[in-house]
There are 2 protein chains.
Amino acid sequence: MTMSDVARHAGVSRTTVSFVLNDKPGAAIPEETRRRILEAIDELGYRPNAGARALAANRSGWFGLITEIVTGPFATEVITGAQSRAWGDRRFLLIAASEGDPAQEAAALDQMLEHRVEGLLYATSWHRAVTLPKAAREVPTVLVNCYDAEGELPCILPDEVSGGYKATRRLLDAGHTRIGFINLDPAIPAAIGRREGYERALREAGITPDPSLVVPGWATADSAYTAACELLDRPAGDRPTALFCGNDRMAMGAYDAIKERGLRIPHDVAVVGFDNQELIAAYLRPKLTTLALPFEAMGTKGIDMLAALAAGQPLDTRQVTIDCPLLERSSV
Amino acid sequence: MTMSDVARHAGVSRTTVSFVLNDKPGAAIPEETRRRILEAIDELGYRPNAGARALAANRSGWFGLITEIVTGPFATEVITGAQSRAWGDRRFLLIAASEGDPAQEAAALDQMLEHRVEGLLYATSWHRAVTLPKAAREVPTVLVNCYDAEGELPCILPDEVSGGYKATRRLLDAGHTRIGFINLDPAIPAAIGRREGYERALREAGITPDPSLVVPGWATADSAYTAACELLDRPAGDRPTALFCGNDRMAMGAYDAIKERGLRIPHDVAVVGFDNQELIAAYLRPKLTTLALPFEAMGTKGIDMLAALAAGQPLDTRQVTIDCPLLERSSV
DNA sequence: ACACGGAAGTAACGCGCGTTATTAAAGCGC
DNA sequence: GCGCTTTAATAACGCGCGTTACTTCCGTGT
């Protein structure tokens, strides 16, 4: 089923069919002819061949998306965001997972370039610096949830500082003044940014941050459990009445420590998590108030930036940050 | 950068380059010529154009994958499985989400057909019957985690019966004889199959299934909490010493009911979940022993079947079931 | 009557590549 | 020296489509 078949069936030339299909401006097609052609298309069940069209028009319509892992909530949200924006624009996503393996990453990139992607999105599962294979320079590239170690490629990052600020602010607003912070590995950008926000919120409220209330953890429930025990076992008047946790899994560990001590959430101890891992946050009892990493928004924004770059437009900003929304549930 | 450029640079014809690139059998290419060509490719940084190649060879290399939701663990695992198998075979996945909307589903299907996918995978988030748009018949199609209401399309399903059997068997082996079963909605295939397996295991152990030990739930932690309370509040000697839950979220609710009563897991009450939702199962305390739905395996199997169909080979079975592996953790 | 401009439609080229049919050269036996 | 096979390489066609340049036809004004 090709365009020629349609043309023959409608008694016109293939060119005319093409004009109709593409609403070619400047082509004068009488209503009657157009109708005949559309009818023929319908009767024959003709579908344009996207590949051939791409070849002739020299526009593949593809964007590439490379993530470390396809599994896991982060990637799926980025994919969802990018996907919805792309399809709406009749563009398509070639998705690949590097599985953290540079060889696979290079192979994926090769395939994408062979498919003539018009842009590339590179997303990581956690906020950090990355270095891309040189081949990535051959095509407009935008980093998602990571930034170029060489500082050249544009990137989209979550606003960690504002996230830490909002979490802390929420607890302050609920009347808490001794707020424990079970942070992530203190060396990573997320931990640094959130701590900055945490401290700023405290200072704004006239509270001098107490470093002993900040305990580093290692992103696991167990490590957070230990950290929470340490904080909760401080002498009564000095014990924090609220815990801000580096992620939801850690909040899970904190919950256990709190419950074990016969304390109640949120009455005795309030908890705020981070990441909004639905499966945890929405099913913990009580449900967890947490901040969401805006993966989906970063995905759509990524496609927007790529579309602009692919169209040759310059970028207004080389680094955009996206807000982490606070999701109110029942733990504050 | 086209093949002609390479040919010119190597001092041969485009045809020869093509032969080298495709290892054309029957084409006699002296080592020296081949070397010159490969060198030219390297120097020019030439990459074949996948689209043009597909057009000429009349093999798109694409498979389509339609899921209801991209977000959520099920889809990502199917994608991972399909993806890895497909890329290994130099085939690619055009992924779309229907979001449960028939219009979007039809649109996605249209796009896939325009991209001349050589096969279609259709996956659902939960085991049930589906009816596909007629257009799906235009291309080899395999259903994943669902089956054709009209019974025509081949499908891949989790072995629910064996799953229920294995869960129950595991608890029996641990010495339990009164095993409560907090099931899913009793009308769905998963609930029916697992109950069948549950009862078979009991009978094999010489135990007559007690219907009052089977409580339906609604796939939420709350509903399972209620159900678990009901079972745990039976008189002492009649209380189940183990709970088999319809999914991990429900196990989460059961955990709460158990802990509330001062009972310990697994000493007083053992728990087995279903679905292996990592974020829950691996971070509950104690970690949850559960059965995994073999989404990834179903994805790879799906690609295998599509590859066979696309190659014109007949299928040995129209319905294949895949085992649900038991993941031992600490709740039994 | 003629030139002219616009409407309607088409032939023909090229996108980058796979593939077939064909040619040119080289090797070989006699 | 001549036919014949093998080796090495290429010209040419087609995949399905976008696009440009061109043709034909008709109505209008003078």
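We name chains A, B, ... by the order of the sequence lines, and we start the count at 1 in each one.
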**OP:** Using a strict 4.0 Å threshold on nitrogen-to-oxygen distance, state whether B:Asp42 and B:Arg47 make a salt bridge.
**Re:** no
Original post:
So does A:Glu150 pair up with A:Arg137, basic N to acidic O under 4.0 Å?
Top reply: yes
Subject >> Nearest-nucleotide pick for A:Ala28, side chain only, options being D:dC17, C:dA7, C:dC17 >> reply: C:dA7
Subject >> 4.5 Å side-chain heavy-atom contact, B:Leu157 and B:Ile322 >> reply: no
Original post:
Hey, can you pull the residues of residues 6-22 of chain A with a non-hydrogen atom under 4.0 angstrom from DNA chain C?
Top reply: A:Val12, A:Ser13, A:Arg14, A:Thr15, A:Thr16, A:Phe19
Original post:
Could B:Arg318 and B:Glu152 be called an ion pair, given the rule that one side-chain N must be under 4.0 Å from one carboxylate O?
Top reply: no
Subject >> Rounded distance in Å - CD (A:Glu31) to P (C:dA8) >> reply: 11 Å
Subject >> Distance in angstrom units between B:Glu114 CD and D:dG16 C1', rounded >> reply: 13 Å
**OP:** Could you check how far CZ of B:Arg53 sits from C1' of C:dC15, rounded to whole Å?
**Re:** 16 Å
Original post:
Tell me, for nucleotides 22-28 of chain C in 5' to 3' order, what letter each nucleotide earns: B for a base near a protein heavy atom under 4.0 Å, S for only sugar-phosphate near one, - for neither?
Top reply: -------
Subject >> Spacing between A:Asn58 atom CG and C:dC17 atom C1', to the nearest angstrom >> reply: 14 Å
Subject >> Atom-pair distance (CE on A:Met3; P on D:dG14), nearest Å >> reply: 18 Å
Subject >> Nucleotide C:dG16, atom C1' - distance to CZ of A:Arg59 in whole Å >> reply: 18 Å
Original post:
Does a salt bridge link A:Asp5 with A:Arg8, judged by any charged N lying under 4.0 Å from a carboxylate O?
Top reply: yes
Original post:
B:Lys24 NZ to C:dC17 P: how many Å, rounded?
Top reply: 17 Å
**OP:** Give one of base, sugar-phosphate or nothing for B:Ser4, where a contact means two heavy atoms less than 4.0 Å apart.
**Re:** nothing
Subject >> Comparing B:Thr33 and B:Ala52 on DNA chain D - which has the more 5′ nearest nucleotide >> reply: B:Thr33
**OP:** Report the residue (B:Pro30 or A:Tyr46) whose heavy-atom-nearest nucleotide on DNA chain D is the more 5′ of the two.
**Re:** B:Pro30
Original post:
For the side chain of B:Pro48, counting heavy atoms from C-beta on, which of D:dC17, C:dC17, C:dT19 is nearest?
Top reply: C:dC17
Original post:
Below 4.0 angstrom, N of the basic side chain to O of the carboxylate: do A:Glu39 and A:Arg34 qualify?
Top reply: no
Original post:
Got a donor-acceptor contact below 3.5 angstrom from the B:Arg91 side chain to the B:Ala86 backbone?
Top reply: no
Original post:
Rounded to the nearest Å, what distance is computed from the CZ atom of residue B:Arg36 to the C1' atom of nucleotide D:dA8?
Top reply: 11 Å
**OP:** Check every strand shown and say whether B:Asn49 touches a base, only sugar-phosphate, or nothing at a heavy-atom separation below 4.0 Å.
**Re:** sugar-phosphate
Subject >> Check ion pair A:Arg35-A:Glu31 (N to O, under 4.0 angstrom) >> reply: no
Original post:
Using the ring of each side chain (for Trp, its six-membered ring), is A:Trp62 parallel, tilted or perpendicular to B:Trp62, with breaks at 30° and 60°?
Top reply: parallel
